[in-house]
2 protein chains.
Amino acid sequence: MSQNVYEPHNHSHCVDHAIDRARSLCEQRGARLTKVRLRVLELIWQSHKPMGAYELLAILAQEGFNPAPPTVYRALDFLLDLGLVHRLHSLNAFVGCNHPEDQHPACFFVCEQCGKAQELAADKLQALSRQVEELLGVTVNHQLTELSGICPGCKQKALEQ
Amino acid sequence: MSQNVYEPHNHSHCVDHAIDRARSLCEQRGARLTKVRLRVLELIWQSHKPMGAYELLAILAQEGFNPAPPTVYRALDFLLDLGLVHRLHSLNAFVGCNHPEDQHPACFFVCEQCGKAQELAADKLQALSRQVEELLGVTVNHQLTELSGICPGCKQKALEQ
DNA sequence: ACGCCTTGTGTTATATTGTTGCAATTCTAT
DNA sequence: ATAGAATTGCAACAATATAACACAAGGCGT
Ligand SMILES: [Zn+2]
Ligand SMILES: [Zn+2]
Ligand SMILES: [Zn+2]
Ligand SMILES: [Zn+2]
């Protein structure tokens, strides 16, 4: 289990670690972490709130990058392939992964109020996957669980009003 | 656990049951299962392959319904609210639910080859939900798990070629 | 350094999916 | 009958994602 993003924490640690791991993972895999790709990853890690492709694109455009959709989608595809980010389909958004080294089924809780996403360790989910394989005789290739609701902070704010 | 859609079965039973339950659920809730709504539900149940909104719309248009996007999205919203269909975000598609009576976290396996979707009983998932609530102090409102891979039939076909 | 191949990028256009707003109609209940 | 609510028709439009093709940059053996 990773840290809890709903609690105060030194977020620059999140960012630094993410970028470091991205660099070493790329080196290890012989992949090129180019300027756009790195910048997209940085932007995604600016907060724990998943970002949309066009939200990213707008910022890239301001910063002088080629302001066309393929720019950001290519970078995102690259990052997704390496496991450096996850895609949250229910939000059409992307969020950084905090343990890209090992492939894993993604599981996220997203606060419907503040939008922050917390990735969860997926031991149970791996088990689910195996169970489904036995039950149906299928082979599972991908798996994504998306939970949403209200985080403690937003509950508190709601009470105060 | 529901039946296995990857095995041969009398599919008209699936359809009939689904429509019957839809009618009684609507009556019970004082909701109106209008012509468009019923037709959309029927179309969705034509197979176990999730259908896209515009795929549905094209058929509706052929059948003389108002051929504008809101037509189908409104019907889908209605069906989603009642729990008669589930939305598979990773496919941008919709599939019938086989036990709409009780609200439940959705869990589907979708074959990447033939596209058929099997809904799975979610005992473990309900447990996951509670676990996440305790762990993070959050309240879970929605939950969706989407698995994908290859079903037995498609494995077999692959071998034969 | 040179050519060669692979990978990444620029550019334009287009496809797909989903929403908003408002008027007209139909249903329902008093 | 009539008021209020739910449903539908209609016309734009917004948001998300991909295709196709040309060009540039980097990596590699010679
Ligand atoms: Zn952080
Ligand atoms: Zn992850
Ligand atoms: Zn069936
Ligand atoms: Zn269901």
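Per chain, numbering begins at 1; letters A, B, ... match sequence-line order. Not measured: the values here are computed from a predicted model.
A side-chain donor-acceptor contact under 3.5 Å links B:Arg21 to the backbone of B:Asn98. Listed for the A:His11 side chain is a donor-acceptor partner under 3.5 Å among the backbone atoms of A:Trp45.
Between B:His99 and B:His104, the angle of the ring planes stays under 30°, which puts this pair in the parallel group of the 30/60° scheme.
Across all strands shown, A:Asn66 has heavy atoms under 4.0 Å from base atoms, whether or not it also approaches the sugar-phosphate. Within 4.0 Å of A:Ala68, counting heavy atoms only, lies at least one base atom of the nucleic acid.
Axis angle across the helix from C:dA1-D:dT30 to C:dT30-D:dA1, with five pairs used at each end and values rounded to 10°: 30°.
In this structure, CG of A:Leu91 is placed 16 Å from C1' of C:dT17, rounded to the nearest angstrom. Look at NE2 on A:His89: it is 16 Å from C1' on C:dG18, rounded to the nearest Å. A straight line from NZ of A:Lys35 to C1' of C:dT7 spans 16 Å, rounded to a whole angstrom. C:dT16 atom C1' lies 12 Å from atom CG of A:Asn92, rounded to whole Å.
The stretch residues 36-48 of chain B touches DNA chain D through B:Val36, B:Arg37, each having a heavy atom under 4.0 angstrom from the strand.
Shown here are the ring pair (Phe, Tyr, Trp, His ring centres under 6.0 Å) partners of B:Phe65, two or more places apart in sequence or in another chain: there are none. Residues forming a ring pair (Phe, Tyr, Trp, His ring centres under 6.0 Å) with B:His17 (at least two apart in sequence, or on another chain): none. Not counting sequence neighbours, A:Asp20 has no partner by the side-chain contact (heavy atoms from CB on, under 4.5 Å) test. A:His142 pairs by the ring pair (Phe, Tyr, Trp, His ring centres under 6.0 Å) definition with nothing, not counting sequence neighbours. Among residues two or more places apart in sequence or in another chain, the side-chain contact (heavy atoms from CB on, under 4.5 Å) test is passed with B:Glu55 by B:Met51. Remark: B:Ala53 pairs with B:Val72, B:Tyr73, B:Leu76, B:Phe94 by the side-chain contact (heavy atoms from CB on, under 4.5 Å) rule, at least two apart or across chains.
The outermost nucleotides of DNA chain D lying under 4.0 Å from heavy atoms of chain B, listed 5' to 3', are D:dT7 to D:dA11.
In plain terms, the two heavy atoms of A:Tyr6 and A:Cys111 that are nearest each other are OH-N, 3.5 Å.
Between A:Thr71 and C:dT9 there is no side-chain polar atom (N or O) within less than 4.0 angstrom of OP1 or OP2.
Sorted by first and then second residue, the salt bridge (charged side-chain N to carboxylate O under 4.0 Å, His left out) pairs involving residues 89-111 of chain B (not counting sequence neighbours) form an empty list. Counting only residues at least two apart or in different chains, salt bridge (charged side-chain N to carboxylate O under 4.0 Å, His left out) contacts with residues 33-46 of chain B comprise B:Arg39-B:Glu42, B:Arg39-B:Glu63.
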Could you write nucleotides 19-30 of chain C as a row of B, S and -, 5' to 3', where a protein heavy atom under 4.0 Å of any base atom gives B, of only sugar-phosphate atoms gives S, and otherwise -? BBBB----S---

For A:Glu146 and B:His89, run side chain to side chain donor-acceptor pair (under 3.5 Å): C-alpha distance rounded to whole Å, both residues' side-chain angles, the deciding distance at 0.1 Å, then the answer. CA-CA 10 Å; A:Glu146 304 183 26; B:His89 277 105; 5.7 Å; no

